Amino acid sequence: MKATVKGRYEGDKATAAATLALSAAGDLRLRASATDAAFAAGPSLDGLTLTLEKPGSFLLDLKPSNQDVRFQFMNSAVVLDKKVSLTYTHSTSLAPVAPKPAPATSPSAAPAPPPKAAPPPSRTALDLSIAFDPANKVSVSHALGSGGCRVKYSYAHGAGRLTTLEPTFDTAKNAWEFAVARRFDGGDAVRGTYQASTKQLGLEWTRTSSIGGSFKVATTFDLSDQSKAPKLVAESTWNYEI
């Protein structure tokens, strides 16, 4: 059994999360994750997520507190000597949305029939990626009903592929996003991102420990309003074998 403990500090708010994972029959894995919301006011289902997965094949997430369910199916194949991967994700809620109250009527009018519960919200997304070689990959993401898609090109530079460049174009927003990442010997990595539509600049530093933990510090600058203070996030993760 594996356990993961994560702490996160963002501004004046601190949160924590813990995950327990164990292997089931065959390649199946069971995982239970809980945030500090599950214990803030006594034990509860808030912040609890149960996951059943087979890596590289499928994943099922369930949040008992609001009955949110996420299905994810993954598959890959080699087409014309190129690796093609496809991921199908569907998120929905099994809890019906509360109906809106009927408008008031005059006393002499016939009573209005009770409103029906609205269907639960859902979201379906498709992700397709094609790896032309170890250094070049193109990914396309589309959420059904969104009217657009995100196209990302990833290029890993150098013999060790330590530097990665990732330009992304969102056809729905007609806007570009850029990311560049660099890994270093010893477990350090830095990453920078820029979103042209919101003028958000992000910087991130991560250090991975040899004893099973990692530490991350990230900051975000709003270049459209330089009077705003940068947003700072610190996150620490530790992995244990039980």
Side-chain angles (χ1 to χ4, degrees), residues 1-23 29-40 47-49 51 53 55-56 59 61 72 74 85 87 127 129 131 133-139 141 150 152-168 176-196 198-223 226 228-242:
M1 180 183 296
K2 295 182 179 180
T4 300
V5 179
K6 178 182 293 187
R8 180 183 175 93
Y9 174 81
E10 181 177 347
D12 58 350
K13 181 177 67 174
T15 59
T19 301
L20 290 176
L22 57 89
S23 299
R29 296 180 183 176
L30 297 174
R31 188 167 68 244
S33 304
T35 65
D36 52 355
F39 309 98
L48 177 65
T49 303
T51 303
E53 68 171 328
L59 179 147
D61 272 344
Q72 192 173 81
M74 300 84 75
S85 301
T87 301
D127 297 278
S129 66
D133 53 50
N136 296 273
K137 183 171 71 172
V138 173
S139 304
S141 302
R150 290 170 55 87
K152 180 173 70 175
Y153 169 65
S154 178
Y155 169 67
H157 178 72
R161 303 184 184 90
L162 300 179
T163 302
T164 304
L165 305 175
E166 292 181 343
T168 303
W176 286 92
E177 299 176 14
F178 301 92
V180 57
R182 169 73 179 183
R183 293 183 291 110
F184 300 91
D185 295 335
D188 290 314
V190 293
R191 178 180 173 86
T193 60
Y194 177 71
Q195 299 180 2
T198 59
K199 295 185 178 181
Q200 297 287 319
L201 174 65
L203 300 175
E204 178 184 299
W205 168 68
T206 304
R207 165 166 286 184
T208 302
S209 169
S210 59
I211 60 175
S214 64
F215 184 77
K216 181 174 71 175
V217 176
T219 184
T220 304
F221 301 88
D222 188 349
L223 301 183
Q226 299 185 11
K228 292 183 178 179
K231 180 180 178 182
L232 180 66
V233 176
E235 188 175 283
S236 181
T237 303
W238 294 96
N239 302 314
Y240 303 94
E241 290 283 351
I242 301 178

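Predicted model only: the values in this text are computed from it and were never measured. Atoms considered below: every heavy atom in the structure, side chains included; atoms not considered: hydrogens, waters and symmetry mates.
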(message) Ignoring hydrogens, what is the shortest heavy-atom contact between Asp222 and Thr198? Give both atom names and the distance.
(response) OD1-O, 4.0 Å
(request) For Val217, enumerate each residue passing the side chain to side chain contact (heavy atoms under 4.5 Å, CB included) test, keeping only those at least two apart in sequence or located in another chain. (result) Trp205, Phe215, Leu232
(message) Show the nearest heavy-atom pair for residues Ala179 and Thr193, with the distance to one decimal.
(response) CB-CG2, 3.9 Å
(message) Would you compute the distance between atom OG of Ser214 and atom CH2 of Trp238 and round it to the nearest 0.5 angstrom?
(response) 8.5 Å
(message) If I compare all heavy atoms of Glu166 with all of Ser154, which pair ends up nearest, and what's the gap?
(response) OE2-OG, 3.5 Å
(message) Does Arg8 form a side-chain contact (heavy atoms from CB on, under 4.5 Å) with Glu10? I'd like the steps, not just the answer.
(response) CA-CA 7 Å; Arg8 180 183 175 93; Glu10 181 177 347; 3.5 Å; yes
(message) Is it the case that over 12 heavy atoms from other parts of the model lie below 6.0 angstrom from the CG atom of Asp133?
(response) yes
(message) Give me the atom names and distance for the closest heavy-atom approach of Gly192 to Leu203.
(response) CA-CD2, 4.2 Å
(message) Return the CD to NZ distance between Gln200 and Lys231, rounded to the nearest 0.5 Å.
(response) 9.0 Å
(message) Could you report the tightest heavy-atom contact between Val180 and Leu165, atom names first, then the distance?
(response) CG2-CD2, 3.3 Å
(request) First locate atom CZ of Phe221, then atom CD of Gln226, and finally report the distance between them rounded to the nearest 0.5 Å. (result) 10.5 Å
(request) Would you give the length of the straight line joining atom OG1 of Thr220 to atom CD of Glu204, rounded to the nearest 0.5 angstrom? (result) 9.0 Å
(request) May I ask you to test the Tyr194-Lys199 pair for a side-chain heavy-atom distance under 4.5 Å? (result) yes
(request) Heavy atoms only: give me the nearest Arg183-Arg161 pair and the separation to one decimal. (result) NH2-O, 2.9 Å
(message) Is the shortest side-chain heavy-atom distance between Lys2 and Asn239 below 4.5 Å?
(response) no
(request) Give, for atom CG of Leu59 and atom CZ of Arg31, the distance between the pair rounded to the nearest 0.5 Å. (result) 6.5 Å
(message) Distance check, rounded to the nearest 0.5 Å: His157 atom NE2 versus Leu162 atom CG?
(response) 9.5 Å
(message) Under the salt bridge (Lys or Arg N to Asp or Glu O under 4.0 Å) test against Asp188, which residue among Lys216, Arg207, Arg182 passes?
(response) Arg207
